[in-house]
J.: 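What follows is a single structure, and I will ask about it in a moment.
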Amino acid sequence: MELLSGGDIVVRALKDAGIRYLWGYPGGAALHIYDAIFRQEEVHHLLVRHEQAAVHAADGYSRATGEVGTALVTSGPGATNAITGIATAYMDSIPIVVISGQVPSSKIGQDAFQETDMVGVSRPIVKHSFLVTRSEDIAETIARAYYIAKTGRPGPVVVDIPKDITDPSYKVPYIWPKKIALRSYQPSQRGHKGQIKRGVKTLLQAVKPVIYAGGGVIIDNASDLLVDLARQLNFPVTNTLMGLGAFPGSDPQFLGMLGMHGTYEANMAMHEADVIFAVGARFDDRVTNDLDKFCPSAKIIQIDVDPTSISKNIKSDIPIVGTCSSVMAEMISIIKNGKSCVNEEALKDWWLKINTWRHNHGIYTKPRYEPSRGNLIKPQDVIKVLYDVTEGEAYVTSDVGQHQMFAAQYYLFDKPRQWINSGGLGTMGFGLPAAMGVQLAFPEASVACVTGEGSIQMCIQELSTCTQHQLPIKIINLNNAALGMVRQWQDMQYSGRYAQSLYENSLPDFVALTESYGHIGMRVDHIDHLEEKMRECFALKDRVVFLDIRVDPEEHVYPMQIAGGSVRDLWLSKTERS
Amino acid sequence: MKRIISVLMENESGALSRVVGLFSQRGYNIDSLTVAPTEDETLSRLTLTTDSDDRKIEQIIKQLHKLIDTIKVVDLTGGSHLERELMLIKIRAVDSEIRTELQRGAEIFGGNIIDVTPTSFVMEMVGNSDKLDAFLETVADIEDVEVVRSGVLGISRGEKFLRV
């Protein structure tokens with residue numbers, strides 16, 4: 001049997017887990033592991049500029065590929081810097097493994113230099129965590145970490161490894177477990193047959209149905225099944241922010257996103273529905289608005305792999321615990337082989353109603369904002385131009401704020417894993433490092449990071465990482481010189497008192513800044529140049545390009561749900577309510 | 001309504017902190033919590049009591065189940081069950097009248113006096129929590145009382161066994 005040091009075991013175990021790339025940042029407690037990485041060529045390490053970015057990059061890689069992302073950090077500040085990234089992945093159920101160095105076992109609890117109780121600090125934001133105590137346990141623990149991260153409802157797993165057990169002078173036999181079986185962890189797979197039948201029956205009887213599909217469909221690679229099922233039923237489909245791309249964005253059966261900044265037609269249809277079919281969606285507060293007023297006449301069928309997501313906020317009438325793919329596949333087969341079919345007459349009326357809503361207030365039937373004029377570029381138009389120039393095929397990552405909502409509304413994602421954003425935690429600073437992860441996975445693809453001058457500054461140091469590792473992402477900066485979403489709320493709820501949301505001429509010259517990292521910067525401040533610059537940007541295939549676009553600072557994101565109302569209570573513009 | 005929940009989990013370091021953390025993180029309250037290894041040393045049995053409505057209890061049980069180290073979760077209050085709590089109580093008792101009264105009280109409540117000094121008693125008492133509360137009321141007027149309670153332990157009646 002092969003004898004290896006703990007440090008070598010970490011790297012060999014990563015290789016055996018199928019990991020080719022990890023993002024990280026070295027430091028004292030992790031140096032044995034870094035030395036082991038140096039002495040081999042199969043597992044590649046990408047050095048970032050801040051540990052938060054390492055985790056976001058691993059996360060972005062995972063969201064784009066469906067594989068588990070990996071980050072490696074040192075103890076203490078390295079570990080705590082990773083926390084925001086871990087929490088981001090946790091809220092969106094993204095499978096990642098974060099390996100952190102820890103001070104030597106004998107120093108744990110002594111307030112040693114760069115000591116932090118990583119397992120303790122990360123506990124509320126991980127799916128699971130391990131503190132490895134023996135070199136002999138490293139391989140098995142890493143195998144378990146990957147298994148737990150990617151099965152069931154995925155999520156981040158932390159593996160904290162004290163420095164002494166990776167010591168190169170202490171060697172133990174390397175054994176990679178062939179199979180992982182945990183008696184305490186057996187995630188449910190197939191839904192209850194009786195419940196699935198009841199669900200199908202209810203679907204077929206529906207007269208005003210809506211399919212409400214979330215990130216669970218994407219995570220489970222169940223988009224094709226969702227499309228198939230929706231086609232069989234001819235039901236309207238809406239996606240959550242996390243679910244965009246699960247159903248094709250440009251499809252006539254798609255109502256757009258629902259919720260706080262969802263479309264009028266999606267929110268109206270939800271409110272009036274008699275049956276809501278929730279697939280991998282968790283009735284988040286950004287969807288439901290006031291829980292007591294949520295969809296008063298709807299019977300709810302809910303598929304989720306995680307039982308805690310069922311009836312957490314809104315009671316499900318027909319809960320089905322299982323993977324989206326297995327349950328939908330079974331539903332499709334029941335429908336195809338059964339005698340009953342949908343109520344076509346009722347659906348015809350329902351679609352008529354939906355199409356009237358669309359026609360009257362939909363954002364896709366005609367522009368619902370003032371056109372761009374001269375120097376006044378509308379942020380919505382930037383996204384539309386981005387969509388046209390990239391022919392709807394780019395991977396789009398985003399940060400958090402108005403630009404995120406405009407991207408979600410106006411870039412029509414036809415494929416799953418194309419739209420990559422921090423939905424649950426709402427992490428500013430996510431977009432750029434996530435884009436690096438996507439670009440690493442798909443070197444030939446167009447990867448756009450839609451951001452704002454606020455968010456981009458939270459991880460802008462990663463422009464240097466892009467230089468070092470040749471990750472030619474495109475940064476589309478909607479620069480309104482303000483924290484746009486904060487400003488919008490201050491307009492709407494604080495009589496325009498812009499408390500700490502304006503930059504007051506303190507912004508850097510983004511073009512010069514980008515160029516200092518060896519990239520290309522371009523400024524756009526006239527609508528006539530927008531498309532041309534956007535084309536130029538994406539034509540520069542092997543370069544990072546930062547497009548700094550001056551957009552109208554007065555613009556708001558609409559529709560917007562009115563707090564305390566039902567899903568259909570919306571502001572449609574600054575002056576118009578639903 | 002008061003619930004008694006039994007959890008069978010891996011006897012791993014950190015498992016208990018995950019349970020306690022879950023309750024504080026999600027705003028659930030724990031009234032009592034007791035935990036120890038079982039006859040199988042790889043397993044811990046944890047009993048906790050909480051006062052919540054049905055909806056919240058359902059979430060608590062599901063959330064406990066979701067913890068990776070958790071093997072089984074049972075709401076004992078959902079069926080026929082037995083519950084016991086151990087209490088140790090030290091009472092200042094100098095004058096003979098009080099000493100006699102305490103001895104009688106211990107007898108009535110099925111407690112044992114397990115330590116005696118010229119000025120104090122230590123008593124042990126086992127029962128359900130209501131009984132222990134009732135005894136404490138009988139000594140409410142005595143100034144120097146020190147009480148330590150184990151928290152509730154519970155087990156279901158009948159032929160079902162909570163084990164791996």
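Lettering of chains follows the sequences in order, A, B, ..., and the numbering in each one begins at 1.
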J.: Taking atom CD1 of I155(B) as the centre, report whether more than 12 heavy atoms of other residues, nucleotides or ligands fall under 6.0 Å from it.
T.: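 No, CD1 of I155(B) has 12 or fewer neighbouring heavy atoms, counting only those of other groups under 6.0 Å.
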J.: Walk me through whether D306(A) and K62(B) qualify under side chain to side chain contact (heavy atoms under 4.5 Å, CB included).
T.: CA-CA 9 Å; D306(A) 178 4; K62(B) 289 198 281 194; over 6 Å; no
J.: For atom NZ of K312(A), decide whether the heavy atoms of other residues, nucleotides or ligands shown that lie under 6.0 angstrom number more than 12.
T.: yes
J.: Highest number of heavy-atom pairs under 4.5 Å with chain B: which of P307(A), P187(A), S184(A), G120(A)?
T.: S184(A)
J.: Starting at NZ of K66(B), measure out to NE2 of H128(A) and round the result to the nearest 0.5 Å.
T.: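 Spacing of NZ (K66(B)) from NE2 (H128(A)) equals 14.0 Å.
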J.: Between V119(A), L131(A), I310(A), which shows the greatest number of heavy-atom pairs under 4.5 Å with chain B?
T.: I310(A)
J.: Could you check whether atom CD of E101(B) has more than 12 heavy atoms from other residues, nucleotides or ligands sitting under 6.0 Å from it?
T.: no
J.: With a sphere of 6.0 Å drawn around CG of D141(B), does it hold more than 12 non-hydrogen atoms of other residues, nucleotides or ligands?
T.: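 Not buried by this count: 12 neighbours or fewer within 6.0 Å.
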J.: Heavy-atom count around D111(A) CG within 6.0 Å, excluding the residue itself: above 12?
T.: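 It does not: D111(A) CG has 12 such atoms or fewer within range.
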J.: Looking at CZ of F130(A) and CD1 of I68(B), how far apart are the two atoms once the value is rounded to the nearest 0.5 Å?
T.: 8.0 Å
J.: Does any backbone or side-chain atom of Q25(B) lie under 4.5 Å from a heavy atom of chain A? Answer side chain, backbone, both or neither.
T.: side chain
J.: Which is it for R26(B) and T308(A) under the side chain to side chain donor-acceptor pair (under 3.5 Å) test, yes or no, and what are the steps along the way?
T.: CA-CA 12 Å; R26(B) 298 209 175 254; T308(A) 69; 6.0 Å; no
J.: What pair of heavy atoms forms the shortest contact from R183(A) to I71(B), and how long is it?
T.: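 Closest approach of R183(A) to I71(B), heavy atoms only: NE-CD1, 3.7 Å.
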J.: Any side-chain donor paired with an acceptor under 3.5 Å for R55(B) and S311(A)?
T.: no
J.: Tell me, for T70(B) versus chain A, whether the close heavy atoms (under 4.5 Å) come from the side chain, the backbone, both or neither.
T.: backbone
J.: Please flag which part of I61(B) lies under 4.5 Å from any non-hydrogen atom of chain A: side chain, backbone, both or neither.
T.: neither
J.: Can you tell me which portion of S129(A) sits under 4.5 Å from chain B's heavy atoms? Options are side chain, backbone, both or neither.
T.: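 Interface part for S129(A): both.
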J.: Above 12 or not: heavy atoms from other molecules or residues under 6.0 Å from NZ of K193(A)?
T.: no
J.: Counting only heavy atoms not in K131(B) (residues, nucleotides, ligands), do more than 12 fall under 6.0 Å from its NZ?
T.: yes
